[in-house]
2 protein chains.
Amino acid sequence: MENWYPDFDKGKGLLPAIAQDYKTKEVLMLAYVNKEAWEKTLETGEAHYYSRSRQKLWHKGESSGHVQKIKEIRLDCDSDTILYIVEQIGGAACHKGYKSCFYRRISKKGTIDICSPKVFDPKEVYK
Amino acid sequence: MENWYPDFDKGKGLLPAIAQDYKTKEVLMLAYVNKEAWEKTLETGEAHYYSRSRQKLWHKGESSGHVQKIKEIRLDCDSDTILYIVEQIGGAACHKGYKSCFYRRISKKGTIDICSPKVFDPKEVYK
């Protein structure tokens with residue numbers, strides 16, 4: 001393997017991939033990538049992941065249309081985490097309709113507030 | 001467990017935690033957190049992780065002095081990924097001296113360029 005290639009062996013075939021908004025730099029989500037998803041992402045310019053729950057290749061946005069256009073790909077120092085810098089079509093990465101999956105801010109005391117805007121109603125998008 | 005609490009069972013005790021710079025919003029690193037590291041982070045206001053290689057609690061910066069002061073903590077929709085928004089003391093998160101561990105940008109053709117500044121010389125910091 002070239003040294004720019006993710007070391008999938010480290011994660012037993014699956015590595016975490018962070019998606020970050022290319023304009024606002026907000027962290028949108030984290031999902032997992034296997035070799036097939038990595039290669040599909042490079043080939044198509046749209047973010048692909050491996051769905052652990054469905055146990056198959058997941059082209060993000062395949063049902064909602066909310067694909068992620070790849071602007072940049074970065075790899076960490078240990079070659080075991082991937083960063084996709086993306087344009088999030090539809091404005092929301094979260095299946096619950098929020099811009100970011102990280103929409104809950106936790107205080108030291110364990111209280112929660114919502115810190116990412118709700119962009120769509122999931123009932124309208126996933127019919 | 002409260003619904004604001006990370007679901008450590010999902011990751012067999014270990015969940016990924018992303019560290020993001022609170023000012024520049026650059027993604028600095030990803031490491032893993034267990035219940036002990038999570039509670040130490042809440043208690044001390046400095047990022048703690050679980051070192052998979054050393055198999056023990058890891059107070060980031062304990063040897064280099066480059067601790068991460070917690071500004072915000074966010075939790076994702078599935079409660080299985082944590083986002084630490086931090087002030088990175090010393091200006092660099094990467095043990096190789098770069099500001100971000102994600103210092104390598106990968107092109108479609110597999111070429112690499114360096115996209116994060118080198119802040120320190122590891123030989124000077126880790127003696």
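Convention: sequence-line order gives letters A, B, ...; per-chain numbering from 1. Heavy atoms only: backbone and side chains are in, while hydrogens, waters and symmetry mates are out.
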When hydrophobic residues are tied together by side-chain contacts of less than 4.5 Å, even through go-betweens, does A:Ile70 share a cluster with A:Leu15? yes
What's the separation between atom CD1 in A:Ile112 and atom CZ in B:Arg74, rounded to the nearest 0.5 Å? 13.0 Å
Taking atom NZ of A:Lys99 as the centre, report whether more than 12 heavy atoms of other residues, nucleotides or ligands fall under 6.0 Å from it. yes
In terms of hydrophobic clusters joined by side-chain contacts under 4.5 Å, are A:Val27 and B:Leu28 together? no
With a 4.0 Å cut-off, would you call B:Arg52 and A:Asp80 a salt bridge? yes
Between B:Arg104 (side chain) and A:Asp76 (backbone), is there a donor-acceptor pair under 3.5 Å? yes
Nearest-0.5 Å distance that lies between atom CG in A:Asp78 and atom OG in B:Ser53: 8.5 Å
When every non-hydrogen atom of B:Cys77 is compared with those of A:His95, the smallest separation belongs to SG-CE1, 3.8 Å
Proximal component of A:Thr24, with respect to chain B [non-hydrogen, under 4.5 Å]: backbone
Based on non-hydrogen pairs under 4.5 Å, which of A:Lys108, A:Glu26, A:Glu43 is most in contact with chain B? A:Lys108
So, do B:Lys25 and A:Asp21 sit near enough that their side-chain heavy atoms are less than 4.5 Å apart? no
Is it true that B:Leu75 and A:Tyr103 fall in one hydrophobic cluster, defined by side-chain heavy atoms closer than 4.5 Å? no
If you count heavy-atom pairs under 4.5 Å with chain A, which of B:Ile106, B:Thr111, B:Leu42 comes out on top? B:Ile106
Which answer fits B:Ile82, side chain, backbone, both or neither, if we ask what part of it has an atom under 4.5 Å from a heavy atom of chain A? backbone
In the single-linkage hydrophobic clustering (I, L, V, M, F, W, Y; side-chain heavy atoms under 4.5 Å), do B:Val67 and B:Tyr32 co-cluster? no
Which atoms of A:Ile18 come close to chain B, meaning under 4.5 Å heavy atom to heavy atom: side chain ones, backbone ones, both, or neither? side chain
Minimum-distance pair of heavy atoms, taken over all atoms of A:Phe102 and B:Leu83: CD2-CB, 3.7 Å
Mind checking whether A:Tyr84 and A:Trp58 sit in one hydrophobic cluster, side chains of I, L, V, M, F, W, Y counted as touching below 4.5 Å? yes
